[in-house]
Every structure is written in structure tokens, then in C-alpha cells.
Amino acid sequence: MTVPAPLTADRIAQFFTRSDGSYVFARWGRPIAPIVFGVEDQTLGIVKGALEAVVAMAGHQMAETDPELGVNLMMFFFRDWDELLEVPDLDRLVPDLAPLVNKLKTANANQYRIFRFDETGAIKASFVFLRMNKDLSAIPAETLALSQIVQTVLLWSDTAFRDSSPLAHIPEKDTTILRPDIADLIRAAYDPVMPPAASDASHALRLAARLRPN
């Protein structure tokens with residue numbers, strides 16, 4: 001496993017600085033109540049197991065239902081983007097669904113995440129769409145599930161993991177884990193004294209101050 005660079009405040013800021021230069025951070029402000037579509041029971045267990053592990057590590061909570069929304073994390077696994085247009089009432093939950101599907105088809109995308117926020121700026125809902133093309137289908141279910149959950153537990157920058165994965169492979173054990181630096185950052189982000197959302201890069205300094213010493 002390659003040892004990542006130390007998590008300085010500047011490096012932390014890069015994880016939440018978008019391609020337009022704006023700093024945007026948000027974490028979940030309510031327990032996560034998930035539902036998963038398009039997978040068999042075995043894969044469902046893997047996805048929920050990954051979610052439970054990451055949520056517990058963050059010190060956050062899960063719930064059977066959300067009092068406002070029923071479920072607030074919806075994950076869809078499918079083969080073709082057009083399948084989303086056939087999901088009953090999804091166009092009511094995702095405005096402009098048809099234009100979005102056309103955009104994703106044109107881009108030949110295989111994944112897309114949408115977040116919704118409450119009045120404090122915290123995440124209140126997320127939709128995760130995974131088109132299981134050849135590339136995604138080649139990824140072990142455990143690795144794919146963990147990667148998606150990590151990328152959904154916080155509002156990361158659109159460039160956060162463009163050049164490196166939040167996961168690390170350990171060859172001698174032939175297993176894939178969450179990178180320790182990313183795990184530490186998630187824990188710091190869910191520190192109860194930290195705000196649920198931030199738009200100033202000074203927030204990265206506060207995150208750095210809450211990282212566990214090595």
C-alpha cells in the first residue's frame with residue numbers, strides 16, 4: 001500500500017475545493033436510512049455492510065426510516081441509463097431526470113451522485129446511480145460498495161478522487177481497505193463540534209486540528 005502524503009490543512013482543503021475554486025463541505029445532518037435497488041440479496045448485504053461500517057467509523061447513525069422522507073439514501077444499480085426513466089415517480093424526486101439521463105448517456109458515464117441539503121446546508125438525502133458497464137462490473141462488489149459509500153458520506157469536491165482512489169489495496173492480504181488518511185478525515189468531519197456544512201477554506205484548518213496524531 002502506498003503511504004499517502006500527510007494530511008495538512010492545504011491538502012484537506014483540496015478534498016473540498018471544487019473545480020470552480022469554491023470551497024464546499026457538507027456532512028449528513030440526520031441518520032442515514034438507505035434503500036438499494038437492482039442487486040441480489042448477497043450484494044445487498046455487502047452494500048449495507050459497507051454503509052454500516054463507514055457510518056460507525058464516522059460516529060454517525062443509521063435508521064430504518066427517515067421521518068420526513070421515508071428513505072434518504074437511494075442507490076440504483078442498472079445496465080442502461082434509460083432504465084431510470086422507467087422507475088415510478090423517480091422524476092418527482094429527481095427534477096429534470098430525462099435531460100440528466102441524456103447528458104449521462106452522451107458522456108458515457110457509469111456513475112453519478114445527487115445530494116439534497118437541509119436549511120443548515122447539511123446533507124439530508126442522496127441518490128447514487130451506478131451503470132454496471134464492463135468497468136464497474138469488473139470491480140469486486142465489496143470494493144465497489146465501499147468506494148461508493150465513502151464518496152456519499154461527505155460532499156467531496158468533484159476533483160477529490162480524480163487522480164487517486166479513497167481506497168487502498170493490500171497485496172499481501174489481497175484485500176481493499178479505506179485509506180487511513182481518508183478514514184481519519186471522515187472522523188474529523190463528523191466531530192460533533194464541527195459544523196455540518198462550510199463554505200470557507202478556514203474550515204480545513206479546523207479539520208486538520210482534529211485529526212488523530214499518528
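All values derive from a computational prediction rather than experimental measurement. These numbers come from the heavy atoms of this one structure, side chains and all, not from hydrogens, waters or symmetry mates.
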Colleague: Applying the 4.5 Å side-chain criterion to the ILVMFWY set and letting contacts propagate, would Phe117 and Val71 be lumped into a single cluster?
Modeller: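 Phe117 and Val71: separate clusters.
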
Colleague: Compare every heavy atom of Ser157 with every heavy atom of Gln14, then report the nearest pair and how far apart it is.
Modeller: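 Scanning both residues, the minimum pair turns out to be O-CB, 3.9 Å.
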
Colleague: Side-chain contact test, heavy atoms from C-beta onward, threshold under 4.5 Å: evaluate it for Tyr23 versus Ser199 and give yes or no.
Modeller: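 No, side chains not in contact.
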
Colleague: Indicate yes or no for a side-chain donor-acceptor contact from Thr106 to the backbone of Asn102 under 3.5 Å, with no hydrogens or angles considered.
Modeller: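 The answer is yes, because a donor-acceptor pair under 3.5 Å joins these two groups.
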
Colleague: Heavy atoms, side chains only, cut-off 4.5 Å: are Tyr112 and Trp81 in contact?
Modeller: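 They are in contact (side-chain heavy atoms under 4.5 Å apart), so the answer is yes.
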
Colleague: Would you kindly confirm whether Val36 and Val55 end up in one hydrophobic cluster when ILVMFWY residues are joined by side chain heavy atoms under 4.5 Å apart?
Modeller: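 Shared cluster, yes.
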
Colleague: Between Gly70 and Ala33, which heavy-atom pair has the shortest distance, and what is it?
Modeller: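 Closest approach of Gly70 to Ala33, heavy atoms only: O-CB, 4.0 Å.
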
Colleague: Set out, in order, the CA-CA distance, both residues' side-chain angles and the distance that settles side-chain hydrogen bond (donor to acceptor under 3.5 Å, both in side chains) for Asp10 and Thr8, then state yes or no.
Modeller: CA-CA 5 Å; Asp10 285 345; Thr8 63; 5.4 Å; no

Colleague: How close do Asp158 and Ser19 get, heavy atom to heavy atom, and via which atoms?
Modeller: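 It is OD2-OG, 2.6 Å.
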
Colleague: Judged by atom type as modelled, is there a donor-acceptor pair below 3.5 Å linking the side chain of Arg210 to the main-chain atoms of Arg206?
Modeller: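 Pair found, side chain donor or acceptor close to backbone of Arg206.
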
Colleague: Could you check whether any side-chain heavy atom of Ser137 comes within less than 4.5 Å of a side-chain heavy atom of Arg79, counting everything from C-beta outward?
Modeller: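 Yes, side chains in contact.
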
Colleague: Quick one: do Asp80 and Lys105 make a salt bridge, cutoff under 4.0 Å?
Modeller: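 Here Asp80 does not pair with Lys105 in a salt bridge, since their nearest N and O are not under 4.0 Å apart.
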
Colleague: Please determine whether a side-chain nitrogen of the Lys or Arg among Glu83 and Arg131 lies less than 4.0 Å from a carboxylate oxygen of the Asp or Glu.
Modeller: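 Arg131 and Glu83: not salt-bridged.
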
Colleague: Distance check, rounded to the nearest 0.5 Å: Met132 atom CE versus Leu144 atom CG?
Modeller: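 With rounding to 0.5 Å, CE (Met132) is 5.0 Å from CG (Leu144).
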
Colleague: State the OG1-CD1 distance between Thr143 and Ile177, to the nearest 0.5 angstrom.
Modeller: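 Answer for the OG1-CD1 pair, Thr143 versus Ile177, is 11.0 Å.
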
Colleague: As a test of understanding, state which of Phe37, Phe77, Phe76 forms a ring pair (Phe, Tyr, Trp, His ring centres under 6.0 Å) with Phe129.
Modeller: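 That would be Phe76.
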
Colleague: Any idea which heavy atoms bring Gln111 and Leu136 closest together, and the distance?
Modeller: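 For Gln111 and Leu136, the tightest heavy-atom pair comes out as NE2-CD2, 4.2 Å.
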
Colleague: Under a 4.0 Å N-O cut-off, is there an ion pair linking Asp181 with Arg11?
Modeller: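 Looking at Asp181 and Arg11, the cut-off is met.
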
Colleague: Do the side chain of Asp91 and the main chain of Ala98 share a donor and acceptor less than 3.5 angstrom apart?
Modeller: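 No, Asp91 side chain to Ala98 backbone: no donor-acceptor pair under 3.5 Å.
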
Colleague: Roughly how far apart are Thr176 OG1 and Glu142 CD, rounded to 0.5 Å?
Modeller: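 Thr176 OG1 to Glu142 CD: 9.0 Å, rounded to 0.5 Å.
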
Colleague: Should we say atom CG of Asp41 is surrounded by more than 12 heavy atoms from elsewhere, each under 6.0 Å from it?
Modeller: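 No, because the 6.0 Å sphere around CG of Asp41 holds 12 heavy atoms or fewer from other groups.
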
Colleague: Rounded to the nearest 0.5 Å, how far does CD of Gln148 lie from CG of Leu51?
Modeller: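 Result: 12.0 Å between the selected atoms.
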
Colleague: Can you find a pair of side-chain heavy atoms, one from Gln151 and one from Phe161, that are under 4.5 Å apart?
Modeller: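 Gln151 reaches Phe161 side chain to side chain.
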
Colleague: What are the two closest heavy atoms between Ser126 and Thr152, and how far apart are they?
Modeller: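 Smallest heavy-atom distance, with atoms named: OG-CG2, 3.4 Å.
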
Colleague: If Ile, Leu, Val, Met, Phe, Trp and Tyr residues are connected whenever their side-chain heavy atoms lie under 4.5 Å apart, and connections chain through other members, are Leu93 and Phe78 in the same group?
Modeller: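 Per the 4.5 Å side-chain linkage, Leu93 and Phe78 are co-clustered.
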
Colleague: Answer yes or no: is there a donor N or O on one side and an acceptor on the other, between the side chain of Asp96 and the main chain of Pro99, under 3.5 Å?
Modeller: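 Not at all, since once roles are kept as given, no pair shorter than 3.5 Å links the two residues.
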
Colleague: Within the structure provided, determine whether Ile32 and His60 are in side-chain contact (heavy-atom separation under 4.5 Å).
Modeller: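 Yes. Closest side-chain heavy atoms under 4.5 Å.
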
Colleague: Could you tell me whether the side chains of Thr120 and Asp118 share a donor-acceptor contact shorter than 3.5 Å?
Modeller: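 Thr120 vs Asp118: donor-acceptor pair found between side chains.
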
Colleague: Can any side-chain N or O of Arg27 pair as donor or acceptor with the backbone N or O of Val153 at less than 3.5 Å?
Modeller: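 Checking the backbone N and O of Val153 against the side chain of Arg27, no donor-acceptor pair under 3.5 Å is found.
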
Colleague: Nearest 0.5 Å please: distance from the CD1 atom of Ile35 over to the CE atom of Met75.
Modeller: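 Answer for the CD1-CE pair, Ile35 versus Met75, is 12.0 Å.
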
Colleague: Could you tell me the separation between the CG atom of Leu97 and the CZ atom of Arg92, rounded to the nearest 0.5 Å?
Modeller: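 Between Leu97 CG and Arg92 CZ, I get 13.5 Å after rounding to 0.5 Å.
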
Colleague: For a 4.5 angstrom cut-off between non-hydrogen side-chain atoms, does Leu155 reach Trp28?
Modeller: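 A side-chain contact under 4.5 Å is absent here.
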
Colleague: Tell me whether Leu211 shares a hydrophobic cluster with Phe15, the cluster being built from Ile, Leu, Val, Met, Phe, Trp, Tyr side chains joined at under 4.5 Å.
Modeller: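 Per the 4.5 Å side-chain linkage, Leu211 and Phe15 are co-clustered.
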
Colleague: Quick one: sort the His203 and Phe16 rings into parallel, tilted or perpendicular, breaks at 30° and 60°.
Modeller: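 Correct class here is perpendicular.
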
Colleague: Quick one, Ile186 and Leu154 - any side-chain contact, counting heavy atoms below 4.5 Å?
Modeller: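 Yes. Closest side-chain heavy atoms under 4.5 Å.
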
Colleague: What about Met194 and Ile12, same hydrophobic cluster or not, with Ile/Leu/Val/Met/Phe/Trp/Tyr joined at side-chain heavy-atom distances under 4.5 Å?
Modeller: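 Yes.
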
Colleague: Any donor and acceptor pair, going by atom type alone, linking the side chain of Thr43 with main-chain N or O of Val39 inside 3.5 Å?
Modeller: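 Between the backbone of Val39 and the side chain of Thr43 there is no qualifying donor-acceptor contact (under 3.5 Å).
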
Colleague: Do the non-hydrogen side-chain atoms of Gln61 and Arg30 ever get within less than 4.5 Å of each other?
Modeller: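 Not in contact.
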
Colleague: Looking only at heavy atoms, what is the nearest atom pair of Ile123 and Ala26, with distance?
Modeller: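 For Ile123 versus Ala26, the nearest heavy atoms are CD1-O, 3.8 Å.
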
